[in-house]
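Start at 1 with the first residue, then count along the sequence. First listed ligand is number 1; within each ligand, the first listed atom is number 1. Here the structure is a predicted model, which means the values were calculated and not measured.
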Amino acid sequence: MAESTGILITGGKVVNEESSAFNDVYIENGKIVDVGQNLHVPEGVRVIDATGKLVIPGGIDTHTHMELAFMGTKAVDDFYIGTKAALAGGTTMIMDFVIPHKGKSLLEAYDRWRETADSKVCCDYSLHVAVTWWNDQVKNEMEILAKERGVNSFKMFMAYKDMLMLQDSELYAAFSRCKTIGAIAQVHAENGDLIAEGAKKMLSMGITGPEGHELCRPEEVEAEATQRAITIASAVNCPLYVVHVMSKSAAKVVSDARRNGRVVFGEPIAAGLGTDGTHYWHKDWAHAASFVMGPPLRPDPSTPGYLMDLLANDDLSVTGTDNCTFSVCQKALGKDDFTKIPNGVNGVEDRMSVIWEKGVHSGKMDENRFVAVTSSNAAKIFNFYPQKGRIAKNSDADVVIWDPKLSRRISAKTHHQAVDYNIFEGMECHGVTVITICRGKVVYEDGNLKATPGWGRFIHREPFSDFVYQRVNQRDQVGQPTAVIRQPYEGKVISL
Ligand code: URQ
Ligand code: ZN
Ligand code: ZN
């Protein structure tokens, strides 16, 4: 008889975003077939004893840039190594970004990213698409991407002047297009003009080190753009997703907007939740440079705790990593000028443990909120819930056996990523992946990766996610401004 591909997970506590229950989980052919007690399973299935452990939905990393060509070089974690590392850390899906250069076709860029990634990914993945320029071709290609290529999220950069940045009028047009095609608008929210001026000022003052990277774009440069994006999205009644919220100021802007009823989601990342920008002042240049990313990590050491508090109470909604890794020799392109340090840090392998340690082990959030912010909310916002983000019948068998009592010390010496440093170096984290199951296949156990390049599939996402568009649609029905009916003015008019 052919060996069964079935897996029965027994004795564990199944943790979903709304509740936890001691249940067994039966997996077959890449799907969760049943969840409950005393399950009837065929002969020969593999039994995994999860007693004393949690059984959680595989993590979904909403924000990565595997092998991104950027600032003159290429990120070292590619779609193979980066997704292997993700699996080792309990993440079973990544969402990466197609970033076409200004003037280039979004569709052709999408096809290139698919060609590169499809044969290399060890876990399921999807792609956001960046809108880095604007004309009717871009407008048309966005619709094709939404209707035929499974893309329901577009990222607009408000920074990287002359390279990726859009002006406000272009943001307005791009947000309007997102609304029409049922996509969510994502923004990199920093004021690119202020960054350009700030960088010139720092360099003219002889500040060429990584500290200049933060000094030239302080929190208010991020907060101002965050507010501006929210204001433009609100004018268009378009749902907004602020990627990599890195500061208390920007987080407050998102939180206030949500309390004022705006449809906006904030995405803190592992780096901002686990460490801070004091490292830019480290005496060792390589150490300081390894933390350079945009928006910068903030030197206010209370930032990680503050962001985690807002994430715990749903002022911030979902987590990614912005994993875009450059080894020290690549960061050294900017050894004499911080504006030339390739921007980006690691996170894809350590996100789940960092958030468990700083979020759950600290008492700020419970296990259910942990599942919400590391998996379920991503699936809801981007419209593939409960296919993913849930341990339930008919969901994909992306399942992690999680040990909340075990702890591990994070280090570049032991991580599975390609980059030669780790911004969480030495951090002791409770919350460790024991086994990772990716679409029904055990791909990580006992510290050993059994990942296969090409095992991952591209996840198509339909537009008009209910989770995002219900309120938007409701507002289109009601509350539209109307003209006042009045008699025409018949008095004198000045002649000019
Ligand atoms: O800005 C981004 O999200 C990309 C280019 C990654 N780099 C970074 O510093 N965040
Ligand atoms: Zn960005
Ligand atoms: Zn990014």
Side-chain angles (χ1 to χ4, degrees), residues 61-78 82 94-102 109 113 125-132 153-166 171 185-192 195-196 199 210 212-214 216-217 221-222 225-226 229 240-247 250 254 265-273 275 277 279-280 288-298 318-327 330-331 333-334 338-348 351 378 382 419 421 423:
D61 186 337
T62 55
H63 189 154
T64 62
H65 300 280
M66 300 306 176
E67 58 188 286
L68 177 69
F70 192 52
M71 295 178 74
T73 185
K74 190 171 177 180
V76 281
D77 276 300
D78 64 8
I94 64 167
M95 303 186 79
D96 209 278
F97 285 83
V98 176
I99 305 185
H101 289 161
K102 281 185 183 290
W113 252 263
Y125 82 109
S126 195
L127 292 169
H128 312 291
V129 176
V131 174
T132 56
S153 46
F154 292 89
K155 178 179 181 180
M156 278 58 81
F157 288 90
M158 301 169 78
Y160 304 118
K161 184 173 182 174
D162 303 329
M163 188 169 65
L164 303 173
M165 181 174 143
L166 293 187
L171 291 173
Q186 299 176 294
V187 284
H188 174 131
E190 284 185 287
N191 184 315
I195 292 171
H213 176 73
E214 205 281 335
C216 82
R217 55 214 282 180
V221 171
E222 182 189 355
T226 303
L240 184 71
Y241 181 106
V242 184
V243 304
H244 50 44
V245 175
M246 299 300 293
S247 64
V254 172
F265 302 95
E267 172 207 76
I269 63 171
L273 294 164
T275 185
H279 292 277
Y280 296 132
S290 61
F291 288 77
V292 167
M293 67 160 288
L297 289 155
R298 300 302 174 182
V318 63
T319 59
T321 59
D322 202 0
N323 192 93
C324 187
T325 47
F326 301 99
S327 286
Q330 294 174 288
K331 292 282 188 177
L333 290 169
F338 65 81
T339 66
K340 296 190 172 44
I341 299 174
N343 283 206
V345 295
N346 63 289
V348 74
R351 176 179 64 111
F382 296 111
V419 61
Y421 67 84
I423 59 170

Using the ring centroid of each side chain, check whether Phe382 and His128 are separated by less than 6.0 Å.
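That pair passes the under 6.0 Å test.
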
Between Phe97 and Phe157 (judged by ring centroids, cut-off 6.0 Å), do the two rings come close enough to count as a pair?
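Aromatic pair excluded; centres sit 6.0 Å or further apart.
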
Could you verify whether a donor N or O on one side chain and an acceptor N or O on the other, from Tyr241 and Thr62, lie under 3.5 Å apart?
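Thr62 and Tyr241 do have a side-chain donor-acceptor pair below 3.5 Å.
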
Do [X] side-chain atoms and [Y] backbone N/O form a donor-acceptor pair below 3.5 Å?
{"X": "Asn343", "Y": "Ile341", "value": "yes"}
{"X": "Asn323", "Y": "Gly347", "value": "yes"}
{"X": "Lys331", "Y": "Val292", "value": "yes"}
{"X": "Asp322", "Y": "Val345", "value": "no"}

Check ligand 1 against [X] and write out every atom of the ligand that is under 4.0 Å from a heavy-atom position of the residue.
{"X": "His65", "result": "2 (C), 3 (O), 4 (C), 6 (C)"}
{"X": "Met293", "result": "9 (O), 10 (N)"}
{"X": "His188", "result": "1 (O)"}
{"X": "Lys155", "result": "2 (C), 3 (O)"}
{"X": "His63", "result": "3 (O)"}
{"X": "Tyr160", "result": "1 (O), 2 (C), 5 (C), 7 (N), 8 (C), 9 (O)"}

For atom 7 (N) of ligand 1, which protein heavy atom lies nearest, and how many Å away is it?
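The closest heavy atom on the protein side is Asn343 O, 3.3 Å.
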
So which protein heavy atom does atom 10 (N) of ligand 1 come closest to, and at what separation?
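Looking only at protein heavy atoms, the one closest to atom 10 (N) of ligand 1 is Asp322 OD2, 2.6 Å.
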
Within a 6.0 Å radius of atom NZ on Lys74, are there more than 12 heavy atoms belonging to other residues, nucleotides or ligands?
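It does not: Lys74 NZ has 12 such atoms or fewer within range.
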
So, at under 2.8 Å, which protein N, O or S atoms would a careful student list around the Zn ion (ligand 3)?
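Near the Zn ion (ligand 3), the protein supplies His63 NE2, His65 NE2, Asp322 OD1.
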
Hey, are the side chains of His188 and Leu164 touching, using non-hydrogen atoms and a 4.5 Å cut-off?
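The answer is no, as the side chains (C-beta and beyond) never meet within the 4.5 Å cut-off.
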
Side-chain contact, heavy-atom cut-off 4.5 Å: Ile99 with His65?
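Ile99 reaches His65 side chain to side chain.
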
Looking only at distance, does Gly294 have an N or O less than 3.5 Å from an N or O of ligand 1?
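In this structure, Gly294 places an N or O atom under 3.5 Å from an N or O of ligand 1.
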
Pick one: which of His244, Arg217, Glu214 meets side-chain contact (heavy atoms from CB on, under 4.5 Å) with Pro295?
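So, applying the side-chain contact (heavy atoms from CB on, under 4.5 Å) to Pro295 and each of His244, Arg217, Glu214, only His244 qualifies.
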
With a 4.0 Å cut-off on heavy atoms, is Phe97 in contact with ligand 1?
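So Phe97 does not count as touching ligand 1.
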
